[in-house]
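Structure in structure tokens, see below.
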Number of protein chains: 2
Amino acid sequence: MLDENCQTFVSDCHVRAAAELINHSWDPVVLSALRLGPVRRNDLLVRIGGISDKVLTQSLRRLQARTLVSKETAGHGGVVYRLTTLGESFANGPLAYLAQWAAEHQAELA
Amino acid sequence: MLDENCQTFVSDCHVRAAAELINHSWDPVVLSALRLGPVRRNDLLVRIGGISDKVLTQSLRRLQARTLVSKETAGHGGVVYRLTTLGESFANGPLAYLAQWAAEHQAELA
DNA sequence: GCGACCGCCTACCGGTTGGTAGGAATCGCG
DNA sequence: CGCGATTCCTACCAACCGGTAGGCGGTCGC
């Protein structure tokens with residue numbers, strides 16, 4: 001479904017691949033929140049405001065599947081999530097650039 | 001819905017604002033396709049493979065509302081869509097960076 | 001052991017997105 | 001005028017995303 005569409009123009013293929021990383025609306029927010037450092041799940045719920053319990057789990061599952069986030073067990077039946085090297089590369093690179101652009105052009109966006 | 005969530009950490013607010021620009025899966029593809037130059041609607045349908053007529057219209061409406069894309073009437077009942085200055089800034093900036101990152105890390109992404 | 005907390009899972013519901021099909025309005029050409 | 005091309009709109013449908021509620025099993029402190 002992605003390959004045959006790449007016939008049209010190649011760069012588009014990479015745009016679609018990248019879009020799938022942030023296409024779920026909460027994923028970029030979770031990645032951005034994890035830039036502040038490793039954090040336990042419940043603290044992540046607080047750090048990100050307004051996300052529901054289930055959605056955070058789903059988002060973390062997706063990000064784990066793409067090896068952007070890793071999970072470690074901690075004491076007290078707790079869990080710590082942190083960015084992987086790939087995740088840091090994405091969060092500090094394209095995602096940070098995206099946020100910076102949005103900040104600069106904030107006034108121009110309705 | 002966005003403001004009160006910005007209490008948590010400020011950069012996150014901009015991430016969410018930027019995410020709304022590419023939240024709809026076809027929008028980045030349309031913007032990327034328009035980077036190749038102004039184009040009529042039907043040609044855009046061909047240039048982008050696999051998009052449906054209705055979805056392209058909806059995507060263009062959203063992008064027009066955000067002043068990323070402008071529409072001009074052309075002869076023969078035709079219409080020409082092109083990127084605005086803001087749209088070019090976004091497509092050549094964050095979007096291009098995103099695609100470049102995806103191309104570089106293509107192998108690491110499942 | 002018991003209660004509290006934590007992570008996670010399972011329904012269910014509502015809204016949105018994407019796809020298909022059909023048709024209306026407009027313009028230019030033969 | 002008849003016709004095709006183009007743009008756009010309206011249903012209708014399937015699939016998905018996000019939210020709510022409730023429950024299950026694990027670990028820790030008491």
Side-chain angles (χ1 to χ4, degrees), chain A residues 1-2 4-5 8 12 15-17 19-34 38-66 68-82, chain B residues 1-5 8 12 15-34 38-66 68-82:
Chain A
M1 165 192 172
L2 227 140
E4 65 268 18
N5 289 332
T8 50
D12 171 51
V15 168
R16 301 193 199 196
E20 285 181 4
L21 291 174
I22 47 184
N23 165 323
H24 299 269
S25 55
W26 281 109
D27 290 5
V29 180
V30 172
L31 286 173
S32 181
L34 284 173
V39 69
R40 286 189 304 128
R41 177 200 162 82
N42 263 9
D43 295 340
L44 200 53
L45 272 171
V46 176
R47 185 182 289 183
I48 308 170
I51 191 173
S52 87
D53 167 72
K54 190 193 68 170
V55 174
L56 176 60
T57 300
Q58 291 174 334
S59 180
L60 288 168
R61 290 280 177 281
R62 274 191 300 267
L63 297 172
Q64 281 181 80
R66 298 201 185 275
L68 293 170
V69 167
S70 66
K71 174 172 116 178
E72 305 160 19
T73 60
H76 224 74
V79 180
V80 170
Y81 292 95
R82 72 173 67 241
Chain B
M1 165 191 172
L2 225 140
D3 294 16
E4 64 268 20
N5 290 330
T8 49
D12 172 51
V15 168
R16 300 193 199 196
E20 284 181 4
L21 291 174
I22 47 184
N23 197 322
H24 300 268
S25 54
W26 282 109
D27 291 6
V29 181
V30 172
L31 285 173
S32 180
L34 285 173
V39 70
R40 287 189 304 128
R41 179 202 160 82
N42 262 9
D43 294 341
L44 200 53
L45 272 171
V46 176
R47 186 182 286 182
I48 308 169
I51 192 174
S52 86
D53 167 72
K54 191 192 69 171
V55 174
L56 176 60
T57 299
Q58 290 174 334
S59 179
L60 288 169
R61 290 279 176 282
R62 274 191 300 267
L63 297 173
Q64 281 181 78
R66 298 201 185 276
L68 292 171
V69 167
S70 66
K71 174 172 118 178
E72 305 160 18
T73 59
H76 223 74
V79 180
V80 169
Y81 291 96
R82 72 174 67 240

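Chain identifiers are assigned alphabetically (A, B, ...) following the order of the sequence lines, protein sequences preceding nucleic acid strands; residue numbering begins at 1 within each chain.
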> Between A/Arg61 (CZ) and C/dT10 (P), how many Å, whole number?
Replying inline: 10 Å

> Quick one: is D/dG18 close enough that its OP1 or OP2 comes under 4.0 Å of any side-chain N or O from A/Ser25?
Replying inline: yes

>> Does A/Thr57 reach a base, just sugar-phosphate, or nothing at all? Heavy atoms under 4.0 Å.
In response: sugar-phosphate

>> Can you give me the closest heavy-atom contact between B/Ala33 and B/Arg47, atom names plus distance?
In response: O-NH1, 2.7 Å

> Which residue lies toward the 5' end of DNA chain C, A/Lys54 or A/His76, if each is placed at its nearest nucleotide?
Replying inline: A/His76

> Can you check the B/Asn23 CG to D/dC16 P distance for me, whole Å?
Replying inline: 17 Å

> Atom NE2 of B/His24 to atom P of D/dG18: distance rounded to whole Å?
Replying inline: 12 Å

>> Measuring to OP1 and OP2 of D/dG19, would you say a side-chain N or O of A/Trp26 lies under 4.0 angstrom away?
In response: yes

>> Assuming nearest nucleotide by heavy-atom distance, tell me which of B/Tyr81 and A/Gly77 is located more 5' along DNA chain D.
In response: B/Tyr81

> In whole angstroms, how far is the P atom of C/dG7 from the CG atom of A/Leu60?
Replying inline: 11 Å

>> Please determine whether side-chain hydrogen bond (donor to acceptor under 3.5 Å, both in side chains) holds for the pair A/Thr57 and A/Arg41, giving the CA-CA distance in whole Å, both sets of side-chain angles, and the decisive distance to 0.1 Å.
In response: CA-CA 9 Å; A/Thr57 300; A/Arg41 177 200 162 82; 2.8 Å; yes

> Looking only at heavy atoms, what is the nearest atom pair of B/Arg82 and B/Pro38, with distance?
Replying inline: NH1-CG, 3.1 Å

> Would you call B/Asp27 and B/Arg66 a salt bridge, using N to O less than 4.0 angstrom?
Replying inline: no

> Taking A/Trp26 as the fixed residue, which of A/Ile51, A/Leu60, A/Leu56 is the one that meets the side chain to side chain contact (heavy atoms under 4.5 Å, CB included) rule?
Replying inline: A/Ile51

>> Whole angstroms only, please: what is the CG-P distance between A/Leu45 and C/dC6?
In response: 10 Å

>> Can you measure A/Lys71 atom NZ to D/dG26 atom C1' for me and round it to whole angstrom units?
In response: 12 Å

>> Distance check needed: C/dG18 C1' versus B/Arg62 CZ, whole Å only.
In response: 10 Å

> What nucleotide among C/dG19, C/dC9, C/dG7 has an atom nearest to a side-chain atom of A/Asn42?
Replying inline: C/dG7

> Out of D/dG18, D/dT6, D/dC9, which has the shortest distance to the side chain of B/Asp53?
Replying inline: D/dC9

>> Side chain of B/Val55 only, heavy atoms from C-beta on: which candidate in C/dC8, C/dG18, D/dT7 is closest?
In response: C/dG18

>> Rounded to whole Å, please give me the gap between CZ in B/Arg40 and P in C/dC27.
In response: 16 Å

